[in-house]
Amino acid sequence: EAIEEAVECFDKQVIVATHSPILMSQFAPQNILYIDYRENTRKVKWVSDMDKIQDLLEQYAIGSLYMSGVFY
């Protein structure tokens with residue numbers, strides 16, 4: 001709630017880096033950037049733009065999908 005308040009009330013951008021599935025699940029997919037570092041490359045995309053998980057986002061929390069390895 002504090003992060004959302006900072007964004008809405010104070011017009012601030014907040015960046016949080018985490019591997020916490022609990023924290024991830026507190027935000028909507030369109031508010032989460034996924035950064036994939038593999039094989040000396042970096043891919044950055046919004047979770048809401050990840051086509052392969054759209055149907056899963058309707059049924060499961062983002063943190064659960066992360067823990068299950070779906071993002072990889």
Side-chain angles (χ1 to χ4, degrees):
E1 292 176 1
I3 293 171
E4 290 177 353
E5 183 178 335
V7 170
E8 293 173 9
C9 296
F10 302 108
D11 195 29
K12 300 294 180 189
Q13 183 179 38
V14 178
I15 297 171
V16 177
T18 187
H19 288 258
S20 168
I22 296 168
L23 186 56
M24 287 180 207
S25 294
Q26 301 304 307
F27 297 94
Q30 64 269 19
N31 294 328
I32 299 177
L33 273 174
Y34 175 71
I35 303 172
D36 183 7
Y37 290 104
R38 282 192 279 169
E39 301 173 11
N40 296 323
T41 62
R42 178 178 43 198
K43 296 178 185 175
V44 179
K45 60 180 96 177
W46 293 103
V47 170
S48 59
D49 292 339
M50 298 172 77
D51 293 332
K52 69 178 185 175
I53 65 167
Q54 290 307 305
D55 56 332
L56 296 173
L57 285 170
E58 296 174 13
Q59 298 176 18
Y60 301 100
I62 294 169
S64 296
L65 296 176
Y66 175 77
M67 289 299 294
S68 68
V70 171
F71 286 19
Y72 296 105

Hydrophobic cluster mates of Ile35, side-chain heavy atoms under 4.5 angstrom, ILVMFWY only, any path?
Leu33, Tyr37, Val44, Trp46
Side-chain cluster (under 4.5 Å, hydrophobic types only) that Ile15 belongs to, other residues:
none
Of all heavy-atom pairs between [X] and [Y], which one has the smallest distance, and what is that distance?
{"X": "Thr18", "Y": "Met24", "answer": "O-CE, 3.8 Å"}
{"X": "Ala28", "Y": "Ile62", "answer": "C-CD1, 4.1 Å"}
{"X": "Asp55", "Y": "Lys52", "answer": "OD1-O, 3.8 Å"}
{"X": "Ser25", "Y": "Ser64", "answer": "OG-N, 4.3 Å"}

Gln13: what forms a side-chain contact (heavy atoms from CB on, under 4.5 Å) with it, not counting sequence neighbours?
none
If you round to the nearest 0.5 Å, how far is [atom2] of [Y] from [atom1] of [X]?
{"X": "Gln54", "Y": "Asp49", "atom1": "CD", "atom2": "CG", "value": "7.5 Å"}
{"X": "Leu65", "Y": "Gln59", "atom1": "CG", "atom2": "CD", "value": "9.5 Å"}
{"X": "Asn31", "Y": "Ile3", "atom1": "CG", "atom2": "CD1", "value": "10.5 Å"}

Surrounding CZ of Phe27 (heavy atoms of other residues, nucleotides or ligands, distance under 6.0 Å), is the total greater than 12?
yes
Count the heavy atoms of every other residue, nucleotide or ligand shown that sit under 6.0 Å from CE of Met67, and state whether that count exceeds 12.
no
Using a 4.5 Å cut-off on heavy atoms from C-beta on, say whether the side chain of Tyr34 contacts that of Lys43.
no
